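Keep in mind it's a predicted model, so treat the numbers as computed, not measured.
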Amino acid sequence: MYVAAGCPFAARPWFLVKYYGLEDAIQIVRTFPGNGDDGWFLKPKSERIVPSEWEKTIVEGNSDAFVDTDPVDDVSHMRDFYAAKAPEYDGKITVPVLFDKKTGKIISTDSMSMAKAVRLALLLMRSGASPQSCSRRCSWCFCAACLLALA
């Protein structure tokens with residue numbers, strides 16, 4: 001789940017993941033709001049990506065900047081992440097983003113549905129239901145697509 005500390009919409013699902021202790025199941029990737037057309041940015045993994053001077057001062061000069069590297073691709077901005085994972089998407093580039101590493105797809109950008117999915121996953125786990133693999137959306141799978149369908 002891609003989030004940003006300054007985004008109230010990202011705060012809702014992020015809070016629930018932290019509150020319920022689900023960080024092992026749902027990885028949180030923190031972005032930082034950019035000040036230009038590139039928008040939300042991440043800490044680059046490689047020297048190949050050169051951040052702007054403003055981004056360098058945030059990432060290098062501030063340990064409290066809450067910026068992570070992208071665990072999926074070597075991208076520096078959410079704009080690049082969206083372009084790689086959802087090239088047909090023409091909406092606003094924003095966070096939160098729930099991304100499924102197994103399918104390589106963006107599952108949701110809606111914070112309320114993500115919050116409901118996190119809560120539902122917790123309820124299913126607490127009820128003793130065991131996750132099963134599925135090829136379609138079903139009520140007994142804990143994958144992001146099924147949880148969002150149920151939420």
Side-chain angles (χ1 to χ4, degrees), residues 1-122 131 133-138 141-151:
M1 181 183 300
Y2 291 77
V3 298
C7 176
F9 296 104
R12 181 184 299 142
W14 186 9
F15 170 78
L16 289 174
V17 168
K18 296 290 271 179
Y19 181 78
Y20 290 123
L22 299 172
E23 295 95 336
D24 291 338
I26 301 172
Q27 182 180 11
I28 299 297
V29 181
R30 300 168 302 174
T31 65
F32 197 85
N35 67 345
D37 293 336
D38 293 335
W40 307 94
F41 71 89
L42 299 132
K43 191 182 301 181
K45 285 186 202 177
S46 71
E47 299 295 320
R48 179 181 64 77
I49 297 174
V50 180
S52 70
E53 289 302 314
W54 181 81
E55 293 167 350
K56 280 183 190 177
T57 60
I58 297 297
V59 173
E60 295 169 0
N62 185 356
S63 61
D64 295 329
F66 303 114
V67 183
D68 295 324
T69 57
D70 182 21
V72 178
D73 291 314
D74 189 12
V75 298
S76 61
H77 293 84
M78 288 305 290
R79 176 205 63 222
D80 302 327
F81 182 83
Y82 273 80
K85 301 303 176 191
E88 71 288 347
Y89 183 77
D90 63 352
K92 187 174 180 183
I93 306 300
T94 187
V95 292
V97 173
L98 185 60
F99 178 76
D100 188 337
K101 287 183 185 179
K102 289 181 183 177
T103 64
K105 295 184 179 182
I106 293 173
I107 302 297
S108 178
T109 58
D110 178 61
S111 67
M112 183 57 89
S113 65
M114 282 185 232
K116 288 179 181 178
V118 167
R119 183 177 176 276
L120 181 59
L122 185 68
S133 61
C134 72
S135 58
R136 58 181 171 72
R137 294 180 177 181
C138 62
C141 178
F142 291 169
C143 74
C146 292
L147 291 172
L148 286 171
L150 294 169

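- Panel note: side chain T31, backbone F41; no donor-acceptor pair is recorded below 3.5 Å.
- By the salt bridge (Lys or Arg N to Asp or Glu O under 4.0 Å) test, K18 is found to be paired with E23, residues two or more places apart in sequence or in another chain being considered.
- The minimum heavy-atom distance between V97 and T94, with the atom names listed, is CG2-O, 3.3 Å.
- C7 approaches V95 most closely through the heavy-atom pair SG-O, 3.7 Å.
- The side chain to side chain contact (heavy atoms under 4.5 Å, CB included) test applied to Y89 returns Y82, A86, I93, not counting sequence neighbours.
- Atoms NZ and CZ, from K105 and F99 in turn, are 10.5 Å apart once rounded to the nearest 0.5 Å.
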Subject >> side-chain contact (heavy atoms from CB on, under 4.5 Å) assessment of L42 paired with H77 >> reply: CA-CA 6 Å; L42 299 132; H77 293 84; over 6 Å; no
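- Judged as a ring pair (Phe, Tyr, Trp, His ring centres under 6.0 Å), and not counting sequence neighbours, the contacts of Y2 are F81.
- Take L22 and apply the side chain to side chain contact (heavy atoms under 4.5 Å, CB included) test, not counting sequence neighbours, and it matches V17, Y20, V118, L122, M125.
- Residues in residues 83-98 take part in these salt bridge (charged side-chain N to carboxylate O under 4.0 Å, His left out) pairs, two or more places apart or across chains: D73-K85.
- With a 4.5 Å cut-off on side-chain heavy atoms, M1 and V29 do not count as touching.
- Considering only residues two or more places apart in sequence or on other chains, S111 meets the side-chain hydrogen bond (donor to acceptor under 3.5 Å, both in side chains) condition with R12.
- In this structure, L98 CG and I107 CD1 are separated by 6.5 Å, a value rounded to the nearest 0.5 Å.
- To the nearest 0.5 Å, the span separating CE on M114 from OG1 on T109 amounts to 6.0 Å.
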